[in-house]
2 protein chains.
Amino acid sequence: MRSCKPLVIPTQDDAPQSFGFSPCEGGVCAAVGMRAAGISAGFRKNPQRKDMALVVADKTSVCAATFTQNRFCAAPVQVSRARAASGHARAVVLNSGNANAATGEPGLRCAEKACALVAQALNCDERDVLVASTGVIGVQLPFEPYVTGVPAIVDALAATPAAAHDAACAVMTTDTHSKEAAFAGPAPQADGSSVTVHVGGFVKGSGMIQPNMATMLCVLSTDAPLTPEAAHAALLSAVRQTFNKVTVDSDTSTNDTCILFATGAAGGEDIDEASPAFPAVAAAIKGVCTNLARQIAADGEGSTKLVTVDVLGAATQADAEKVAFAIANSPLVKTAIFGHDANWGRVAAAAGKCGVPFSQEDVDIDFMGVPVLRAGLPVPMDEEDMLRRFEQPEIDIAISLGAGEAHSRVWTCDLTHDYVKINGEYRT
Amino acid sequence: MRSCKPLVIPTQDDAPQSFGFSPCEGGVCAAVGMRAAGISAGFRKNPQRKDMALVVADKTSVCAATFTQNRFCAAPVQVSRARAASGHARAVVLNSGNANAATGEPGLRCAEKACALVAQALNCDERDVLVASTGVIGVQLPFEPYVTGVPAIVDALAATPAAAHDAACAVMTTDTHSKEAAFAGPAPQADGSSVTVHVGGFVKGSGMIQPNMATMLCVLSTDAPLTPEAAHAALLSAVRQTFNKVTVDSDTSTNDTCILFATGAAGGEDIDEASPAFPAVAAAIKGVCTNLARQIAADGEGSTKLVTVDVLGAATQADAEKVAFAIANSPLVKTAIFGHDANWGRVAAAAGKCGVPFSQEDVDIDFMGVPVLRAGLPVPMDEEDMLRRFEQPEIDIAISLGAGEAHSRVWTCDLTHDYVKINGEYRT
């Protein structure tokens with residue numbers, strides 16, 4: 001008989017706090033040298049809703065970006081992917097209400113013209129302007145809102161928390177609230193001193209949405225003087241461990257975009273991957289992304305719970321991820337959580353279905369730190385105590401496969417009547 | 001601009017009808033030499049519901065079987081898998097109400113003792129008796145119902161459609177109706193004559209279910225004199241193309257079991273894989289399985305629609321299957337169908353997310369034979385006509401990737417409020 005102590009989940013030793021970083025105000029404008037704005041430009045029928053965002057660095061800055069892996073990718077993704085490859089950019093213009101996807105050549109021309117208009121207003125090279133869109137697909141993106149909107153939004157640019165918030169709001173679709181985060185902390189220098197740097201950003205995303213599909217759009221910024229290579233490495237590592245570990249409904253979009261500006265305005269030494277400051281800045285970027293990723297999961301369409309799934313004891317990292325996503329994407333697990341049901345059988349079945357090697361006699365499962373399965377056999381549980389734990393806003397599922405040392409964590413939400421309602425309504 | 005004719009879906013040239021087979025009565029008793037029964041034995045609290053089934057061949061027969069690939073597998077699966085490997089069996093005893101899964105050594109002993117009791121009553125070797133269970137997991141299966149139930153059910157055995165129906169009913173869980181099918185037709189002989197053979201069976205399954213999980217349990221029989229190798233080959237091929245192509249919620253169970261008895265009572269030449277009769281009998285087995293698989297999809301938990309997904313023009317068979325399952329398992333596609341929404345954007349996004357190579361400019365999509373996307377661009381549609389088509393009980397989605405010649409078909413159902421209700425209710 002094995003012990004009935006709760007499973008021990010590895011601590012996250014690369015949390016920004018462990019490098020002396022703390023949360024701060026300002027979102028994407030927390031970094032020195034960044035301005036933002038969000039306005040209603042007319043992409044949406046409702047003039048009460050902001051639908052255009054602009055994020056601008058005071059001068060051309062280091063830029064790194066990642067994009068959807070979906071074979072269907074939208075016009076703005078094609079434009080921005082090509083431009084971000086240079087490692088530098090000045091601005092990104094975003095809109096909600098229309099994804100400019102499945103729009104062919106006219107869609108590409110529209111995205112390029114939008115960038116040119118912004119470049120003209122900012123007096124910069126149009127190749128330094130990126131573009132991102134979210135909303136309905138298969139409908140041509142109108143150009144008129146740019147004509148009136150770009151001069152207005154450039155006028156509205158400010159380096160304030162309020163301006164950052166406006167930008168975050170302008171990209172919302174079925175999101176029930178805007179999603180921002182920022183950290184400030186020390187970047188250690190070679191001489192032992194340190195320079196204060198900031199990392200911040202906003203994201204939108206709450207699943208793929210009615211009437212067609214939505215998107216994860218994220219803009220991040222830092223004033224740390226990252227090299228293009230260091231910015232790219234830090235962003236990729238952060239996205240892999242955060243946004244790529246969030247699943248609302250297992251569907252990925254044509255428009256997913258994540259862009260990082262590094263202005264260098266904090267001063268200090270340039271930071272490459274070998275610099276003493278790199279681990280701290282990378283941790284801060286990952287910290288902002290973790291915070292934003294959890295906000296996406298918690299705001300999943302129709303969700304009532306933020307669910308964290310930890311898979312321990314897998315033979316390989318790939319096995320751990322496969323099992324974690326199988327559990328997090330299981331409609332049976334997700335409906336059980338909605339129903340406050342400590343249904344370890346569904347967790348076990350989801351883990352067992354994905355072809356990952358383990359023996360059922362070695363499997364342990366905890367809900368909220370309470371053992372419910374040990375060595376493949378159920379542990380008697382206090383049903384009332386468990387029900388109380390299921391009434392909390394966060395649900396933690398941990399499973400140990402007893403097949404190795406690898407660990408993976410993913411975030412998801414429950415599957416509710418409202419998800420079906422949001423996504424099953426007649427198209428209008 | 002490409003033509004806007006509907007996509008051409010490959011015909012199924014191995015349908016049983018093309019070998020002269022027709023549907024017939026009798027389910028698992030359609031085959032000569034088979035008897036069945038279903039009774040209420042006390043596995044369930046409700047004495048109104050049958051919960052024990054017995055299917056018996058008049059003498060020890062050829063037997064082939066396939067089982068769940070889930071790493072978590074139930075005690076009856078472990079027992080039956082070992083016994084079916086001999087290629088022969090006499091009977092299978094099934095129960096609903098308790099899956100005998102996650103029950104450790106006591107569960108294995110209970111399954112073995114149940115087989116021994118049946119063998120005693122039938123006066124056969126206990127190694128020729130198989131066992132299958134479905135229902136709640138993690139609760140020990142009581143043995144008492146076997147003690148009183150086995151003599152009663154052996155008394156009730158009959159070679160009638162009514163007895164076959166009783167057996168089919170006794171394994172139902174959240175199924176809303178029993179699921180049976182049978183075909184009769186000619187098995188060609190070497191001398192040019194033919195012998196009439198039958199293939200029939202029943203299945204249960206409608207997704208994985210509250211309170212823990214359910215299962216696909218299927219018992220098939222034929223009176224064709226298949227060799228053990230031919231029975232195995234025909235069953236595996238049929239299951240691969242039918243039951244393995246049904247997805248209700250992407251979850252697979254600890255208890256999935258499919259067993260085929262071949263009594264040989266129809267007479268004629270022994271049938272191996274090289275025999276002239278093999279293609280016909282294999283087609284009839286596949287035909288029964290196709291019929292049963294479609295019944296499972298149509299009876300998916302809470303479903304209102306049977307959905308057929310055809311993926312055409314994939315580079316490889318594996319690519320075609322991957323895309324077909326990605327579409328069929330997409331909660332966004334499934335809720336759109338529930339909402340009568342011809343949302344090709346969600347179909348495209350599901351196809352694009354799974355890493356299968358194609359170009360979005362080559363993709364065509366039809367709903368119910370009506371083109372909605374051609375060469376990656378939307379085709380204007382008659383919304384009222386489309387809405388009428390979505391009101392039918394069967395929904396057909398076809399997508400061509402333009403990347404090759406491979407085709408795959410899967411069946412699923414829509415995702416509805418009732419799915420969430422059935423699977424999200426508090427455990428009782």
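FYI, side chains are in, hydrogens and waters are out, and symmetry mates aren't considered; it's all heavy atoms of this structure. Letters A, B, ... mirror the listed sequences (proteins, then strands); counts begin at 1.
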**Report entry** Side chain, backbone, both or neither of Ser359(A) within contact of chain B (heavy atoms, under 4.5 Å)
**Finding:** neither
**Report entry** Student check: side-chain heavy atoms of Cys354(A) and Arg71(B) closer than 4.5 Å
**Finding:** no
Query raised in the report: Looking only at heavy atoms, what is the nearest atom pair of Leu415(A) and Val420(B), with distance?
Result: O-CG1, 3.8 Å
Requested in this report: Report the C-alpha separation of Phe72(A) and Val347(B) in whole Å, then their side-chain angles, then the decisive distance to 0.1 Å, and conclude whether the side-chain contact (heavy atoms from CB on, under 4.5 Å) test is met.
Outcome: CA-CA 11 Å; Phe72(A) 274 86; Val347(B) 174; over 6 Å; no
Query raised in the report: Is atom CD of Gln140(B) surrounded by more than 12 heavy atoms (other residues, nucleotides or ligands) closer than 6.0 Å?
Result: yes
Query raised in the report: Looking at OG1 of Thr416(B) and NZ of Lys421(A), how far apart are the two atoms once the value is rounded to the nearest 0.5 Å?
Result: 15.0 Å
Query raised in the report: Does Gln360(B) reach the main-chain N or O of Ala102(A) with its side chain, forming a donor-acceptor pair under 3.5 Å?
Result: no
